[in-house]
Amino acid sequence: MILKLYGIALSPNVQRAAMVLREKKVPFEFHSVDLSKGEHKSPEYKEKNPFGSVPYLDDNGFVIFESRAIARYVEDKFSGQGRDLIPKDPKKRALFEQAAAYEHSRFDRHATPFIHEKFWKPFIGQTTDEHLAKYNLERLEQTADVYEVILSKQKYLAGDEITLADLLHLPYGTYLPTAGADIFSTRPNLARWFKDLSEQPSWLAVKDGVATFTG
Ligand SMILES: N[C@@H](CCC(=O)N[C@@H](CS)C(=O)NCC(=O)O)C(=O)O
């Protein structure tokens with residue numbers, strides 16, 4: 001039975017899951033969840049994702065949420081199909097895990113609250129906490145300086161081949177300049193890396209909104 005992805009078409013976390021399904025050439029049905037009506041907070045929805053957030057994936061009754069966990073499940077289940085996103089060689093795998101760990105703990109940790117303050121809050125008519133935004137932007141700039149060093153020595157974060165660790169940056173990385181944090185274009189290696197990622201067909205297919213993919 002076809003996989004079902006639940007969420008909103010322009011949610012970065014939903015786009016992350018959909019991008020990986022496209023990478024692995026896995027057909028899926030996209031099901032819209034109406035956040036404005038609070039559908040994601042209903043008891044029925046929380047049976048699927050108890051945090052009441054999007055996305056979640058339903059694979060014939062097997063339900064998984066958290067976009068990074070969805071990505072890893074899809075990579076494992078459809079191993080040998082589409083592009084390999086996680087290396088199997090132990091050393092390459094360790095370098096991948098290292099990059100995936102700092103994507104989450106250093107990049108996403110500050111990108112998410114920065115975008116919340118500078119993009120999402122003004123969008124829904126709330127006031128930005130400028131102090132919080134500045135704090136997170138400073139941390140992002142520090143992380144970007146380290147990325148620039150890493151990417152001056154290799155093409156991608158885990159070596160010279162693209163992995164899931166690189167792709168995970170795309171959704172929030174794409175929002176950052178719109179929110180006023182242009183951390184990529186001012187650093188030549190980071191600019192080269194992010195331009196390359198932004199041109200990946202899997203991302204181009206979902207960046208303007210997730211839709212059902214029939215293969
Ligand atoms: N860490 C989660 C984050 C999910 C998340 O926060 N999704 C947002 C949309 S981008 C959401 O559902 N926000 C509404 C809410 O949490 O009430 C993931 O990667 O899936």
Side-chain angles (χ1 to χ4, degrees), residues 3-24 26 28-59 62-77 85-86 96-97 99-126 128-129 132-133 136 139-140 143 157 163-179 181 197 202-203 205-211:
L3 273 68
K4 295 177 183 150
L5 180 67
Y6 290 78
I8 51 173
L10 282 171
S11 146
N13 292 295
V14 177
Q15 289 171 315
R16 184 179 292 115
M19 168 182 66
V20 171
L21 287 159
R22 302 284 303 227
E23 277 288 337
K24 302 302 289 180
V26 180
F28 65 94
E29 267 174 23
F30 179 64
H31 291 263
S32 235
V33 177
D34 193 340
L35 267 60
S36 69
K37 290 191 183 142
E39 274 178 18
H40 58 315
K41 302 296 180 194
S42 70
E44 298 76 33
Y45 187 89
K46 285 186 169 178
E47 283 290 315
K48 310 293 185 186
N49 181 339
F51 290 102
S53 61
V54 292
Y56 78 82
L57 181 76
D58 184 337
D59 178 7
F62 174 71
V63 171
I64 177 107
F65 60 88
E66 281 292 335
S67 58
R68 290 166 182 79
I70 294 171
R72 283 169 178 262
Y73 172 68
V74 170
E75 166 68 5
D76 281 347
K77 175 157 180 177
L85 297 177
I86 303 180
F96 158 77
E97 293 295 352
Y102 60 70
E103 182 275 327
H104 205 183
S105 65
R106 296 183 185 273
F107 175 78
D108 185 71
R109 178 179 171 190
H110 298 295
T112 295
F114 179 80
I115 288 166
H116 184 74
E117 290 302 326
K118 295 294 273 186
F119 180 83
W120 186 241
K121 275 186 161 179
F123 185 72
I124 57 171
Q126 291 183 4
T128 296
D129 180 335
L132 203 51
N136 283 295
R139 295 298 173 286
L140 279 170
T143 294
L157 294 176
T163 69
L164 179 63
D166 300 290
L167 296 174
L168 292 177
H169 290 79
L170 268 163
Y172 279 120
T174 303
Y175 268 84
L176 278 176
T178 317
L197 295 184
S202 60
W203 176 245
V206 302
K207 79 177 181 62
D208 295 323
V210 174

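Whatever order the structure lists them in is the order used to number ligands and atoms, beginning at 1. Just so you know, these numbers come straight off a predicted model, no measurement behind them.
- Panel note: side chain H169, backbone A165; a donor-acceptor pair is recorded below 3.5 Å.
- In terms of polar-atom proximity, N13 is counted as a contact of ligand 1, with an N or O under 3.5 Å from an N or O of the ligand.
- Nearest to atom 17 (O) of ligand 1 among the protein's heavy atoms is K41 NZ, 2.8 Å.
- Taking every non-hydrogen atom of P12 and a distance limit under 4.0 Å, the qualifying atoms of ligand 1 come out as 10 (S).
- For atom 19 (O) of ligand 1, the nearest protein heavy atom (residue, atom name, distance) is S67 OG, 2.6 Å.
- At the top of the distance list for atom 8 (C) of ligand 1, counting protein heavy atoms only, stands V54 O, 4.0 Å.
- Every atom of ligand 1 with a heavy atom of S11 under 4.0 Å away is listed here by number and element: 9 (C), 10 (S).
- Of the protein's heavy atoms, S53 CB, 3.5 Å lies nearest to atom 16 (O) of ligand 1.
- Of the protein's heavy atoms, E66 OE1, 3.3 Å lies nearest to atom 2 (C) of ligand 1.
- Note on E97 versus R72: salt bridge recorded, some NZ/NE/NH1/NH2 to OD/OE distance being below 4.0 Å.
- Near R68, meaning under 4.0 Å from any of its heavy atoms, are these atoms of ligand 1: 19 (O).
- Between Y172 and ligand 1, a contact under 3.5 Å exists for no N or O pair.
- Of all the atoms in ligand 1, the ones that sit under 4.0 Å from a non-hydrogen atom of P55 are 20 (O).
- N136 and R139 share no side-chain donor-acceptor pair at under 3.5 Å.
- Note: Y175 and Y172 have tilted aromatic rings, judged against thresholds of 30 and 60 degrees for the angle between ring planes.
- Between Y73 and D59, the side chains place a donor N or O and an acceptor N or O closer than 3.5 Å (distance only, hydrogens not considered).
- Annotation: side chain of L57 is in contact with side chain of L21 (closest heavy-atom distance under 4.5 Å).
- At least one donor-acceptor pair closer than 3.5 Å links the side chain of Q15 to the backbone N or O of K207.
- E75 places a side-chain N or O within donor-acceptor distance of the main-chain N or O of L85, the cut-off being under 3.5 Å.
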